Amino acid sequence: MEQMDKNGRLKHLLTLDGLSQSCLNKLLLQADQFIDEHQRLRHTDDLKDKTVVNVFFEASTRTRTTFEIAAKRLSADVISVNVATAATAKGESLRDTILNLQAMQADLFVCRHSDSGAAHFIAQQVKPGVAVINAGDGCHAHPTQALLDLYTIRRIKKEFSNLTIAIVGDILHSRVARSEIMALKTMGVKQIRLIAPKTLLPPYIEQTGVRCYTKMEEGLQNADVIIMLRLQKERMEEGLLPSLREYHRCYGLTLDRLSLAKKDVIVMHPGPMDRGVEIDSVVADGPHSVILQQVHFGIAVRMAVMVELTAGK
Ligand code: NCD
């Protein structure tokens, strides 16, 4: 599914794969417009008379709610379909569900699904002028999470080219990591490090120019940014890890390990966190953590994406 139109404008946001640095920068700059000088989110009329439909076939708190708030801040009519009680639960196909919602004059779908490729499929079904945002498809992509992470890093660290960024945890099953690696490369980050047990690193990933570490103590040395990831147990075959206790012993972000990074390191996490597994509470709630700022900035970034996809329609 081509996500650009023939004039090079985004029709859908399905993946960050293939998006240029200037395209990403444009979205980040647009997000700035939605945060005022007191760090409060603005209220605008950009999506007045538009209908945004959230269709989440997988659990979500942050992503679904922040999309909903973003749409409301832009004055859209927004509904979130309760998938547990939706007709798909009675056997209706995904295509029919989407076509019915489209018949109710949806202008923009925000979709999450456990199948990789679901958002692309939905984008193929909708008529021209209707936009689709991928809010996470299987292990594949989560473009707005990666964008809000870029936004958070840029606000705090100002630029990307001098940064060493470590992504730690279940890279193999993480759509966040996949989108993030892509986005950080596009932005020209100096060094991207992946830290994980061998069983949770995608094969041949080093060929993309990232550095892989199986020892936390090595990978965290002098890092400017640490992005922690949850173990995606729902996507994991058994036997990849001995135990959660063992995982925490080797890969949990403790205060001791944090001290190996730069003094002004920031700690990020897309949520939900498993405290005591991949991250200790003293770190998650400590002065280096920007985890709740990510959530706040995520609204502005999602506003920017929605405006970009609906502009002039
Ligand atoms: C992530 C997701 O759903 O991919 N969470 C999120 O969107 N904030 C990461 C995760 O579930 O671990």
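Counting starts at 1 for both ligands and their atoms, following the listed order. Keep in mind that this is a model prediction, so the values were computed, not measured.
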Quick one: nearest non-hydrogen protein atom to [atom], plus distance?
{"atom": "atom 3 (O) of ligand 1", "result": "R175 NH2, 2.9 Å"}
{"atom": "atom 10 (C) of ligand 1", "result": "Q232 NE2, 3.2 Å"}
{"atom": "atom 11 (O) of ligand 1", "result": "R230 NH2, 3.0 Å"}
{"atom": "atom 7 (O) of ligand 1", "result": "H142 NE2, 2.7 Å"}
{"atom": "atom 1 (C) of ligand 1", "result": "G271 O, 3.7 Å"}
{"atom": "atom 8 (N) of ligand 1", "result": "P270 O, 2.8 Å"}

Inset, instruction - Could you see which bit of E58 sits under 4.0 Å from ligand 1, with heavy atoms only: side chain, backbone, both or neither? - result: neither
Legend entry - Proximity to ligand 1 by part of V176, non-hydrogen separation under 4.0 Å: side chain
Legend entry - Heavy-atom closest contact (V301 atom, L147 atom, distance): CG1-CB, 3.7 Å
So that I can tick it off, tell me whether [Y] and [X] are bridged by a salt bridge, with the cut-off set at under 4.0 angstrom between side-chain N and carboxylate O.
{"X": "R9", "Y": "E308", "result": "yes"}
{"X": "D224", "Y": "K262", "result": "yes"}
{"X": "D285", "Y": "R275", "result": "yes"}
{"X": "R257", "Y": "E217", "result": "yes"}

Inset, instruction - Give the atoms of ligand 1, by number and element, whose distance to some non-hydrogen atom of T63 is under 4.0 Å. - result: 6 (C), 7 (O), 8 (N)
Inset, instruction - Check whether the side chains of S116 and D137 place a donor and an acceptor atom closer than 3.5 Å, and report yes or no. - result: no
Legend entry - is_close_aromatic(H140, H120), centroid dist under 6.0 Å: yes
Take every heavy atom of [X], measure it against each atom of ligand 1, and state whether any distance is under 4.0 Å.
{"X": "G136", "answer": "no"}
{"X": "R112", "answer": "yes"}
{"X": "S60", "answer": "no"}

Legend entry - Identified side chain to side chain donor-acceptor pair (under 3.5 Å) counterpart of R154 within the set D32, D149, N25: D32
